[in-house]
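Report on one structure; see the data block that follows.
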Amino acid sequence: PWMIAGWTGVLAILFILAFAADKMSTSLWLVSLMFVQVFVMLSDVPADGYSVELGQLEPKERRGQILATGQRIRFSFCVIAGIIQMFLLNGPHTNDSGCPTSFLQCWSWGLTINQYYGLLFAMIFILTVPVLYLKEIDASHIPQHSLREFFEGIWATMQNLTTLYLVIFVIGVQSLSNFTNNAAIYLQYYVIKLTNFQAGVDTVTTYGALVTAIWIFQRFLINRNWRYTQYGSTVLAAFLGLVWISAFYNEGGTMDGWFTIFIDLDTYFVQGLTQVLFSMAVIELARPGQEATTYEFIITCANAASTINGIISTQLLSPFNSVGCDDDGGYCPSNTVDVTDKEAFNASNGPQRFTYYTLVLTAISLGSCFVFTRFLPASKEECHEWKQRGDLLGQSATRGRISMTLAILVIGYGLIAAILLLDTKTACEPAIGGSGC
């Protein structure tokens, strides 16, 4: 019922957007999309819990294949979203008015924003129908618990050593490594000015690479040393991120939209190798009946840490005078980078400033990886060793309080930031990644 309720809510909001999106204020539109995400989560949580529950029933050598396959399917639909962007959202209604009409630039036809949401409504309606016929496996062997017993079980899980280690790992790695390079975003969407067609190609290729990487993890790495996989992925992604420096300086004509798409593709591929790593540990850790709660607790910590990651990477722009300025009147302060066009970008010392910023992000990312990856179990066997060690040490209320405190701080901050970002009047606050109001 939760899945049906969630997708029903999504359909209701998309139906409204299909008729009124073009008349909404930016804040109202963002609030609508936020509620879409809320309803998606209502469906996503039981689906994730179900995946973890099924994963615990898999043979040891194949454990995690169901969850990883679900992730591949999820990101495959991101590829479909990119295809829609490429071919249906590249018209005059969704591009800059001055964009030239050509195959590789802007097209003379495309959906309006209302038609786009109408298409999403139709697609999701069709995809929701099979959910009505899903059947769960027999759960009669799983004892039913009262709400008090449920929370007592969660508290017991929180006190385990492995849970604390996973919380530290996801918060540390997600917030302080694999940063979003805002300099690269400025270059792509302001200096080079990717069209919706190119942005769609970027989405298709990057998520296609991500899906391929997850398959490679399933096929070759799922029973290998997870810690080495994390180290290798982060280090390779960091060095691939340095390729942006050639684009900043236009070495060999690399300040080109298609070349930047190639960089994104490579980076997403290596990051995809670790997409489901800590989820594997959750399968080994979760107690029967608590699969969804344990999984979503770790995932929520990771998602909140990703918000902090974006805020940190944005705030680091200021010390290096790398905040982008797109004032068409040419009144950009000297401590910013003029991103209105390539000439202004070079004249405002953009290549050097963006390079220093990128080097600092890379250094922090590499350092954080080597500090926090030690808190990731190296294998399924080590998951159980850590869990048994925690059991031998006994249930520690101190460990539970530390895990809970870290989670509350990160999730609370992420939630507050997400709410403030919905309003254009508060989205500029430095505390949530803005450049000042």
Side-chain angles (χ1 to χ4, degrees), residues 1-51 70-97 106-136 195-197 199-200 202-204 207 211 292 296 299-300 303 306-307 414-415 417-427:
W2 295 107
M3 292 185 187
I4 299 300
W7 289 118
T8 300
V10 170
L11 288 170
I13 296 176
L14 289 178
F15 185 80
I16 295 172
L17 290 171
F19 290 96
D22 59 341
K23 301 179 180 65
M24 290 182 175
S25 65
T26 301
S27 295
L28 181 58
W29 175 68
L30 290 173
V31 169
S32 300
L33 296 184
M34 182 191 74
F35 276 103
V36 168
Q37 292 299 315
V38 169
F39 283 116
V40 167
M41 287 171 58
L42 195 61
S43 299
D44 204 35
V45 170
D48 286 336
Y50 193 38
S51 297
Q71 292 295 312
R72 278 200 292 130
I73 294 171
R74 171 180 294 177
F75 290 116
S76 294
F77 275 88
C78 293
V79 174
I80 295 175
I83 293 173
I84 292 174
Q85 183 176 11
M86 284 171 58
F87 295 107
L88 301 179
L89 292 177
N90 197 36
H93 300 287
T94 51
N95 276 309
D96 186 79
S97 58
C106 300
W107 297 353
S108 59
W109 179 87
L111 296 179
T112 65
I113 191 67
N114 287 11
Q115 291 169 340
Y116 165 68
Y117 285 116
L119 174 65
L120 291 185
F121 173 86
M123 291 177 62
I124 292 176
F125 178 81
I126 293 171
L127 292 171
T128 300
V129 171
V131 178
L132 298 171
Y133 299 95
L134 287 178
K135 293 183 179 180
E136 292 193 54
T195 65
N196 273 334
F197 179 76
D202 194 19
T203 301
V204 169
Y207 280 106
V211 170
E296 290 303 326
I299 289 294
T300 301
N303 291 339
S306 295
T307 300
L415 182 62
I419 293 172
L420 292 177
L421 287 169
L422 293 173
D423 191 340
T424 53
K425 296 179 181 178
T426 56

Does anything in residues 3-20 pair up under salt bridge (charged side-chain N to carboxylate O under 4.0 Å, His left out), and if so which pairs, sequence neighbours excluded?
none
Taken in chain and number order and not counting sequence neighbours, the residues that satisfy side-chain hydrogen bond (donor to acceptor under 3.5 Å, both in side chains) with Asp202 are none
Residues in side chain to side chain contact (heavy atoms under 4.5 Å, CB included) contact with Phe39, at least two apart in sequence or another chain:
Val10, Ile13, Leu42
In the structure I gave you, are the side-chain heavy atoms of Val211 and Gln71 within less than 4.5 Å of one another anywhere?
no
Under the rule for side chain to side chain contact (heavy atoms under 4.5 Å, CB included), what residues qualify as partners of Leu88, not counting sequence neighbours?
Ile84, Trp109, Leu111, Leu119
Once side chain to side chain donor-acceptor pair (under 3.5 Å) is applied, what residue pairs with a partner in residues 15-26 remain, sequence neighbours excluded?
Asp22-Asn114
Closer than 3.5 angstrom, by distance alone: can the side chain of Ser43 be matched with the main-chain N or O of Trp7 as a donor-acceptor pair?
yes
Derivation of the side chain to side chain contact (heavy atoms under 4.5 Å, CB included) call for Thr203 and Val79:
CA-CA 6 Å; Thr203 301; Val79 174; over 6 Å; no
Quick one: side-chain hydrogen bond (donor to acceptor under 3.5 Å, both in side chains) partners of Ser306, sequence neighbours excluded?
Gln174
Return the set of residues passing ring pair (Phe, Tyr, Trp, His ring centres under 6.0 Å) with Phe121 (not counting sequence neighbours), or none when no residue passes.
Phe15
Partner set under side chain to side chain contact (heavy atoms under 4.5 Å, CB included) for Ile4, not counting sequence neighbours
Thr8, Val131, Leu132
Are there more than 12 heavy atoms of other residues, nucleotides or ligands under 6.0 Å from atom CE of Met41?
no
Carefully, step by step, assess Ser32 and Ile16 under the rule side chain to side chain contact (heavy atoms under 4.5 Å, CB included).
CA-CA 9 Å; Ser32 300; Ile16 295 172; over 6 Å; no
Ile80 CD1 to Gln85 CD distance, which is reported to the nearest 0.5 Å
14.0 Å
Here the gap from Gln37 atom CD to Leu33 atom CG, rounded to the nearest 0.5 Å, amounts to 8.0 Å
Of all residues at least two apart in sequence or in a different chain, which pass the side chain to side chain contact (heavy atoms under 4.5 Å, CB included) check with Ile73?
Thr69, Phe77
Would you list the pairs meeting salt bridge (charged side-chain N to carboxylate O under 4.0 Å, His left out) in which at least one residue belongs to residues 72-87, sequence neighbours left out?
Asp44-Arg74, Asp48-Arg74
Measure the acute angle between the ring planes of Phe75 and Tyr207, then classify it against the limits of 30° and 60° as parallel, tilted or perpendicular.
parallel
Rounded distance [0.5 Å steps], SG in Cys106 versus NE2 in His93:
12.5 Å
Would you find a donor on one side and an acceptor on the other, under 3.5 Å apart, between the side chain of Thr94 and the backbone of Leu89?
yes
Trp29: side-chain hydrogen bond (donor to acceptor under 3.5 Å, both in side chains) partners, not counting sequence neighbours
Tyr117
Looking only at heavy atoms, what is the nearest atom pair of Pro92 and Gly110, with distance?
CD-N, 4.3 Å
